[in-house]
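Note sheet for the following structure.
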2 protein chains.
Amino acid sequence: MGIKERKEKHKEDLRQRILDAAKDLFLKDGYEATSIRKIAEKIEFSPTTIYLYYKDKADIMYALHQEGFKLLGSQFGVLQHVSEPFERLKAMGRVYMSFALSNPDFYELMFIMKEPIEFVKAHCHDEEWEEGEQAFTALILTVDQCKAAGYFTSFDTTTFALNVWSLMHGLCSLKLQGHLDHMATTKAHMLEEGDWLEKTFEGFIAMLNSLK
Amino acid sequence: MGIKERKEKHKEDLRQRILDAAKDLFLKDGYEATSIRKIAEKIEFSPTTIYLYYKDKADIMYALHQEGFKLLGSQFGVLQHVSEPFERLKAMGRVYMSFALSNPDFYELMFIMKEPIEFVKAHCHDEEWEEGEQAFTALILTVDQCKAAGYFTSFDTTTFALNVWSLMHGLCSLKLQGHLDHMATTKAHMLEEGDWLEKTFEGFIAMLNSLK
DNA sequence: TTCATTTTATTAACACTGTTAATTATGTTT
DNA sequence: AAACATAATTAACAGTGTTAATAAAATGAA
């Protein structure tokens with residue numbers, strides 16, 4: 001009987017329509033403005049209907065956050081073709097930074113807000129976190145290959161990877177939250193114009209080079 | 001006439017009582033749970049009275065965020081007595097990290113949330129940001145002195161300082177937001193036990209040492 | 001086809017939130 | 001005591017996430 005399948009598909013369809021509507025609102029107006037009622041209005045359903053497809057708002061945000069990780073993952077994927085590990089590491093940094101700047105709301109949801117990761121801790125007790133770990137695994141692998149190629153030889157791989165991630169995350173966060181621009185406009189000796197995000201990143205690359 | 005002064009003092013008193021109540025709630029239950037109504041109940045006033053002393057909730061949060069910067073500033077202050085610049089730089093990192101872990105809500109308000117800094121941009125158009133800049137100025141100064149002492153000689157001071165801040169901020173953020181612990185529990189090759197915050201920080205210090 | 005059952009969607013309501021306008025109470029000055 | 005200014009309050013608006021009870025629709029068996 002194909003009827004049940006068609007129903008299942010219909011159900012899955014509506015689930016997706018809810019997510020699409022939520023994504024639209026989220027990317028346009030941010031987290032707060034993405035209310036259950038507005039999502040419902042967009043898909044022309046009653047607000048409470050949404051609760052038949054998602055546990056709560058955090059559930060929807062978790063789904064969106066997964067989409068974000070898929071996007072980042074796909075951008076990281078193409079870097080596998082950069083064979084030289086140190087080149088790849090630098091490119092990863094650029095891609096990460098570019099992703100954060102191009103998708104600030106996604107980045108906030110994925111790395112800054114605590115709501116989605118608390119949802120993971122509460123409901124995904126198993127090992128369903130693939131998307132997120134994959135990116136970090138890729139970083140660890142690349143650092144390992146860098147070490148094999150003679151870079152960072154005196155450092156522990158995981159520790160070094162965490163340092164790289166911390167720096168990139170901190171840099172992107174400070175930029176997105178406006179702290180970087182704020183320092184640039186208020187500190188007198190920074191008035192020599194210039195894109196401090198770019199400059200700082202270049203400084204980071206220079207540091208990595210010195211660490212060979 | 002001392003009456004007017006006493007009235008002024010009374011007004012300033014209530015303003016402080018509001019802030020204290022807000023601080024209590026904020027440190028106990030976080031940002032969201034600190035509602036105007038709860039603050040009002042705590043000081044036994046009507047909710048709307050608060051609007052006679054603070055423009056809105058963001059204003060209160062800005063005041064709290066300033067208190068946070070004063071606290072961090074005082075902790076940074078004692079570091080002035082560490083004469084060796086590189087030692088002082090390392091100590092600054094430790095103090096920053098310790099502050100973030102001991103005052104997670106303050107840290108979030110000061111460096112992670114965008115609400116207070118948007119309030120600054122909107123209402124403190126002048127140069128009233130002292131508290132925040134002071135800490136960064138201290139960092140720049142220390143980096144400069146490190147350079148004078150032969151460290152990081154090939155790097156631009158401001159760029160290097162931004163890198164240090166980014167790394168420390170990223171590390172603390174990832175820790176507070178739970179990402180660090182999450183990676184530790186899910187990634188198989190990280191199961192060797194251990195405080196990854198501490199290990200990563202030590203790795204950072206090692207990096208700085210290699211950069212001499 | 002009709003009736004009973006299950007699934008899906010809706011309305012109404014709860015308990016909150018920040019915030020504003022209009023009104024009352026308080027205290028000061030003439 | 002009357003007039004005024006300040007301070008505080010009540011009532012209300014426009015939202016929020018979420019749940020329980022009810023109505024509608026689709027499905028199963030007789």
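Residue numbers start from 1 in every chain, and the chains themselves are labelled A, B, ... in the order their sequence lines are given, proteins ahead of strands. Just the heavy atoms: all of them, side chains too, but no hydrogens, waters or symmetry mates, feed the values below.
Residue side chain A:Arg37 does not reach the base of D:dG15 through any donor-acceptor N/O pair under 3.5 Å, judged by distance alone.
Summarising the geometry, the separation between CD1 on B:Ile50 and P on C:dT19 is reported as 11 Å, rounded to the nearest angstrom. Between the OH atom of B:Tyr54 and the C1' atom of C:dG18 there is a distance of 17 Å, given to the nearest Å. Note: CG (B:Leu14) to P (C:dT26) measures 16 Å, nearest angstrom. For A:Phe45 and C:dT10, the CZ to P distance is 6 Å, given to the nearest whole Å. Protein atom CD1 of A:Ile36 is 17 Å distant from nucleotide atom P of C:dT11, rounded to whole Å. Rounded to an integer number of Å, the gap from A:Glu115 CD to D:dG17 P is 11 Å. Atom CZ of B:Arg15 is separated from atom P of D:dA8 by 14 Å (rounded to the nearest Å). In this entry the distance linking CG of A:Asp59 with C1' of D:dT18 reads 14 Å, nearest Å.
Candidate nucleotides D:dA12, D:dT18, D:dT9 were compared by shortest atom distance to the side chain of A:Lys57, and D:dT18 ranks first. Minimum atom distance to the side chain of A:Tyr53 is reached by C:dT8, of the listed C:dG18, D:dT9, C:dT8. Listed candidates were C:dG18, D:dA7, D:dT19. Nearest to the side chain of A:Thr48 is D:dT19. Here the side chain of A:Leu52 is nearest to one of D:dT16, C:dA9, D:dT18, namely C:dA9. You'll find that the side chain of A:Ser46 is closest to C:dT10, out of C:dT10, D:dA8, C:dA9.
We find the CG-NZ distance between A:Leu208 and A:Lys90 to be 8.5 Å, quoted to the nearest 0.5 Å. Taking CG of B:Leu174 as the start and NE2 of B:His182 as the end, the distance is 13.0 Å to the nearest 0.5 Å.
In terms of phosphate contacts, A:Tyr51 brings no side-chain nitrogen or oxygen within less than 4.0 Å of OP1 or OP2 of C:dA9. The side chain of A:Thr49 contributes an N or O atom lying less than 4.0 Å from OP1 or OP2 of C:dT10.
Shown for residues 20-35 of chain A: no residue has heavy atoms falling under 4.0 angstrom of DNA chain C.
Within the structure, every pair that satisfies the salt bridge (Lys or Arg N to Asp or Glu O under 4.0 Å) test and touches residues 57-72 of chain B, not counting sequence neighbours, is listed here: B:Lys23-B:Glu67.
Between A:Ala21 and A:Ile43, the shortest heavy-atom contact is CB-CG2, 3.7 Å.
Using a 4.0 Å heavy-atom cutoff across all strands shown, A:Lys55 reaches no nucleic acid atom at all.
Taking the six-membered ring for Trp, A:Phe69 and A:Phe111 have ring centres closer than 6.0 Å.
A 6.0 Å sphere centred on CD of A:Glu41 holds no more than 12 heavy atoms belonging to other residues, nucleotides or ligands. The local environment of CD in B:Glu198 is crowded, with over 12 non-hydrogen atoms from other residues, nucleotides or ligands closer than 6.0 Å.
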